[in-house]
Amino acid sequence: MRRTARGIAVLASATLALSVAACGGEDKAAEEQPKADPASLTAELTWWDTSDPQNEGPAFQELIAKFNQTYPNVKINYQSVPFGEAQNKFKTAAQAKTGAPDILRAEVAWVPEFASLGYLYALDGSELLSDESDFLETPLASNKYDGKTYGVPQVTDSLALMYNKELLTKAGVSAPPKTWAELKTVSQAVKEKTGAEGVYLNPAGYFLLPFMYGEGGDLVDTGAKKIVINSEQNAAGLKVAKDLIDSGAAAKPSANDSYGTMMTLFKEKKVAMIINGPWEVNNVKSAPTFGGLENLGIAPVPAGSARAGGPVGGHNYTIWSGMPQEKVDAAVAFVKYMSSAESQAFLSEKLGLLPTRKSAYQLDPVKNNAVVAAFQAVNEAAVGRPWIPEAGQFFGPLDQMATEVLIQNKDPKAALDTVARKYKAEVVPGYGL
Amino acid sequence: MSRVKRPGRSRRSPVMSFLLHGTLILASLIAIGPIAWVLLSSLKPGYAIQSSELTLFRDTTLANYSYVLTGTNFPRWFLNSVIVAAFTMAIGIFFSATTGYAVSRFNFPGRRPLMMVFLVTQMFPVAILIVPIYTIMARLGLINTMPALIIAYLTIAVPFCAWMLKGYFDSIPTSLDEAAALDGCGPFATFWKVVLPLAKPAVAVTAFYTFLTAWGEVAYASAFIQTDNRFTLAYGLQQFVPQFNPQWEYLTAAAVLVTLPAGLVFFFAQKHLVSGLTAGGTKG
Amino acid sequence: MTTVTADPAPPSTPPGRSARPSRLRRSWEKHWYAWAMVLPVVIVLAVLIFYPLFRGIWLSFTNLNEANQVAEICTKSITGSEVCKENPNKWEFVGLDNYLRVLTGEVGEFWQWTGVTLIWTFVCVACHFGLGLGLATMLNRPMRLRGLYRVLLVLPWAVPAFVSAFAWKFIFNERFGLANAVLSAVGIDPVSWFADRWTSLFTAIVTNVWLGVPFMMVALLGGMQTIPSELYEAAEIDGASAWQRFRNITLPGLRPVSMTVILLGTIWTFNMFPIIFLVTEGQPAGQSEILVTGAFRAAFEGIRNYSLASTYGVLILSILLVFSVFYRRALRKQGEVW
């Protein structure tokens, strides 16, 4: 215990020195105290990064190089792991107590699940949470499980309405639609006047949440332990989505690879509006046919009859509980560095990622970033998801329902009832219907 | 035994010849169609691969190849795959040949159950076995090592190869074994010096099968291998196509580079796909 | 006398029955080399497959999952302490509950998945074998360009399967794919391949047939080498037609090999995970899911349900066991023994 306490003291001063240096660009003389010498920290850490290896990975590696300027003896073994397989891979390794990474970039929904299984260090009492109040509340909430905090938010996101400014202007529309009804009109106008399609809806559970939230619906009520997926509100939300497709305002979606189809059409200016998140901004920007960031409009998702809101997403830094205690100091130092306001600002500038610290939004690179500014409004409207260990299982049945309703013309209420039954039988048996 | 002229070209009528080649050309076209798509895509920049316009060529470039070869660990993955595939092939053939021979020739207790047991190993879905096998490999300290992969691939390859070789050994007359025994060969020598050379076509088939099993497998590799410098080719390739924002251009370029050696290996293996029996095991 | 690894196999009881020492010894003296030849394989399979398999059978009678598998859940704090709490719902023996839940359809879509799996397996294996046999017969004749044809036809096998799966998925893409482009060119309406379970399954079958034919072809080509050419020569002298030679010499001669490849081909196709998983993704709405992919999605999304996964595993195993027993019986009627 004493060792750790001292380690934290060392860290505190080290990070202080670091942030001073990073903010003002003053000389390194700020790190005077001999006790604070970060070079004395020696460890080798493995980090599984699940970000996009092509667009995002290099920026994280740059950040690691910067970290090593201050901590030359903490070696970070950077390993990019595809997002789609990281969850299973981590769990398999953590369960066998061999081969899991010391630090993992975990999707928001994974943290409560991993925490409930004992795979993560609780971070309470460490330097990482000393300025807890600086983190935005919703992203931080995804790290809490059973009264403890198991991760630090890295980046937050939500779904937004992304639109092609040129096409909307051509259609005579000056501002992006604010409600689903407006979206329908705009969409039809685009179709008539430009020849492009108005909007493409991805028939997947996550992407339909804005419709359900819009009418005031949700998946489950964690407080009352009740499954509310088959509520009238959700059915109404799905009807809105279904009507967009049936009326021809929205393009007819494919059952398979609809996400890729949506992105291809959007990048080729064949569809004017999509619902998607900030992770695709770089992709759209680099498409030679689209016309760059100037042509990309970002607005909050349209509102239903109750509200406007997309689901909160994002990623957190977590530390594997199987990591030996003697590496804790180094791991904390690393996560602290990566999640500092300056690092977040750096990532924001490079990649357009949304910081999770309030203080980061005060820094110039963030303030001056148009994409971040656009998404900030989006995020303020974002709806928190149920942060329970079972949350990862909600989307399988929901995706099936999306295909049934939007492609196979099944009645929304009936499809939702099926989902509710599946939740009861397979996901949250302890909840009421 | 003399070389036998098989019924063949000499007697084939022009119509038959046309039909034969026509069918084979059509089949070859179907076989290489999707591969041609992979090849053509590998020459395009990423945005032109999934596109609403179907084109054969667009903004042709070799940049994808140079990125794959220099910007990634591809050469290292290649080496790893060669090592894993070669060991799987060598060990796999050795074990399945001995097993197949024992089952074919000796009526030992446990012989028939053994063949059934081999089948059963193939019946339980791999997807469900991966987690427990990981735990075993972890206990053996084999996580993130190539032996883990080689052993796992052997469990797939050996049962099939043993069955295949057993069938083939069955068709080799036992009189040969008996003759060898009279010459003073023990069971191992008979197997090694007399029977195995005769079984060359079947060995070629199983060799190619084990090689490709190790060459293209992803599920075990993605569970057991954790660092970039230990990836096999197939698993390395998968890194190019994450759920969002897949890099088709690199995947296709790498796939072309992966397919070529496999094609070469087969080209040499197929020369052994000729009867070893009639030519007394001497034919090339 | 060099070759075999043969550290003499331990005198383990032969899988027959425990016998009097003398008999055991006789048996040992007579068969030790046979056992030595199969022992390494048996050890590897026992450790890697049979241990998990028997554990799986046991698990299918429990409710063990990722969350309840340990007796106590420990939370390590970054400050160095560790709190362990007893797991409130530790796993327990539940008898046949899992089977009941799966077979009654309370969990998953067992019967639908089984139906799709049977169709999928039958069609794939039939096409594999038919096409493979045809091509092998042709490629077994001496002719010009034989080596080239062989290599071209085997290429689909040489591409990593998941890459081919993506290639076919592109071909069947509803908006950008070649298949619909060709249909439109000849004046047929484009098809929404993945909006209907049968067209969706069709795309997966096409992919898998394309992938699997080269293997069958090569295996059968290898098998054809066992047929003594004297037989063909004699038949030719007797004036047998090509078809007669094929029916009466090639097919019977191929029996040992074709029996193996059909049997194992069926088992593999039944459990063929990546094609369905990647090409159709189970679309539309899980209707093209086969047993393995369905089981995987049911048990491995979110908190992993090991007991449920094992239950599916055991059911799959049972179906395949029944199949192979019948297959064996059918073969035995025709005089084949194994």
Side-chain angles (χ1 to χ4, degrees), chain A residues 46-58 77-101 107 196-197 204 257 259-271 276-277 279-284 286-290 322, chain B residues 44-54 58-59 64 67-68 71-73 127-145 148 218-231 235-251:
Chain A
T46 304
W47 178 36
W48 281 6
D49 180 18
T50 57
S51 70
D52 183 323
Q54 195 67 23
N55 290 328
E56 302 182 341
N77 297 320
Y78 174 88
Q79 181 59 54
S80 165
V81 179
F83 173 69
E85 69 185 63
Q87 186 183 16
N88 264 322
K89 199 165 172 161
F90 178 81
K91 288 202 291 186
T92 307
Q95 186 190 331
K97 299 193 174 19
T98 316
E107 207 254 348
E197 310 239 35
D257 199 21
Y259 187 89
T261 305
M262 167 171 83
M263 288 316 295
T264 304
L265 289 173
F266 189 65
K267 285 189 283 187
E268 291 188 350
K269 298 189 182 177
K270 297 252 158 63
V271 64
N276 213 334
W279 56 84
E280 284 292 354
V281 168
N282 251 321
N283 190 6
V284 172
S286 57
T289 38
F290 186 78
Chain B
K44 292 176 191 168
Y47 57 82
I49 293 178
Q50 189 173 56
S51 153
S52 48
E53 286 166 59
L54 280 176
R58 196 162 131 202
D59 306 336
N64 304 330
Y67 175 81
V68 167
T72 69
N73 245 340
I128 295 169
L129 284 177
I130 279 187
V131 175
I133 295 185
Y134 185 98
T135 313
I136 296 169
M137 293 287 184
R139 277 193 207 137
L140 296 172
L142 291 178
I143 292 306
N144 203 21
T145 66
V218 179
Y220 281 126
S222 81
F224 301 154
I225 300 298
Q226 305 183 314
T227 54
D228 199 66
N229 58 353
R230 301 275 175 86
F231 285 180
Y235 183 47
L237 256 62
Q238 213 183 35
Q239 310 292 307
F240 293 135
V241 283
Q243 200 173 5
F244 300 107
N245 207 354
Q247 309 292 319
W248 299 115
E249 64 274 33
Y250 303 140
L251 176 75

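Basis for what follows: all heavy atoms, side chains included, without hydrogens, waters or symmetry-related copies. Letters A, B, ... are given to chains in the order of the sequence lines, protein chains preceding strands, and every chain is numbered from 1.
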Practice task
State, to 0.1 Å, how close Ser80(A) and Gln239(B) come at their nearest heavy-atom pair, and which atoms those are.
Solution key: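 Taking Ser80(A) first and Gln239(B) second, the nearest heavy atoms are O-OE1, 3.7 Å.
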
Fill in the blank from the handout: For Ala93(A) and Tyr134(B), the nearest pair of non-hydrogen atoms, with its separation, is CB-OH, 3.2 Å

So how far is it from [X] [atom1] to [Y] [atom2], rounded to the nearest 0.5 Å?
X         : Y         : atom1 : atom2 : result
Thr98(A)  : Gln226(B) : OG1   : CD    : 9.0 Å
Ile130(B) : Lys89(A)  : CD1   : NZ    : 11.0 Å
Phe231(B) : Gln79(A)  : CZ    : CD    : 4.5 Å
Tyr78(A)  : Thr227(B) : OH    : OG1   : 14.5 Å

Handout entry: Among Gly141(B), Ser222(B), Pro246(B), Ala223(B), residue most engaged with chain A (heavy-atom pairs, under 4.5 Å)
Key =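 Highest number of heavy-atom pairs under 4.5 Å: Ser222(B).
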
Completion exercise
Ranked by heavy-atom pairs below 4.5 Å to chain A, first place among Asn144(B), Thr135(B), Asp228(B) goes to Asp228(B)

Practice task
Please list all pairs passing the salt bridge (charged side-chain N to carboxylate O under 4.0 Å, His left out) test where one or both residues lie in residues 128-138 of chain B, with sequence neighbours left out.
Solution key: none

Practice task
Report yes or no: does Gln247(B) contribute a side-chain atom to a donor-acceptor pair with the main-chain N or O of Gln54(A) at less than 3.5 Å?
Solution key: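 Side chain of Gln247(B) to backbone of Gln54(A): no pair is present.
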
Practice task
Would you check if the side chain of Lys267(A) reaches a backbone N or O of Ser51(B) as a donor-acceptor pair within less than 3.5 Å?
Solution key: no

Problem - Heavy-atom proximity to chain A below 4.5 Å, by part of Ile136(B) - result: neither

Practice task
Side chain from CB out, backbone as N, CA, C, O: work out which of these in Tyr250(B) comes under 4.5 Å of a heavy atom of chain A, or both, or neither.
Solution key: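 Just the side chain, heavy atoms under 4.5 Å.
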
Which atoms of [X] come close to chain B, meaning under 4.5 Å heavy atom to heavy atom: side chain ones, backbone ones, both, or neither?
X         : value
Asn55(A)  : side chain
Thr264(A) : side chain
Lys97(A)  : neither

Handout entry: Counterpart residues, side chain to side chain contact (heavy atoms under 4.5 Å, CB included), relative to Asp257(A) (two or more places apart)
Key = Gln50(B), Lys169(C), Asn173(C)

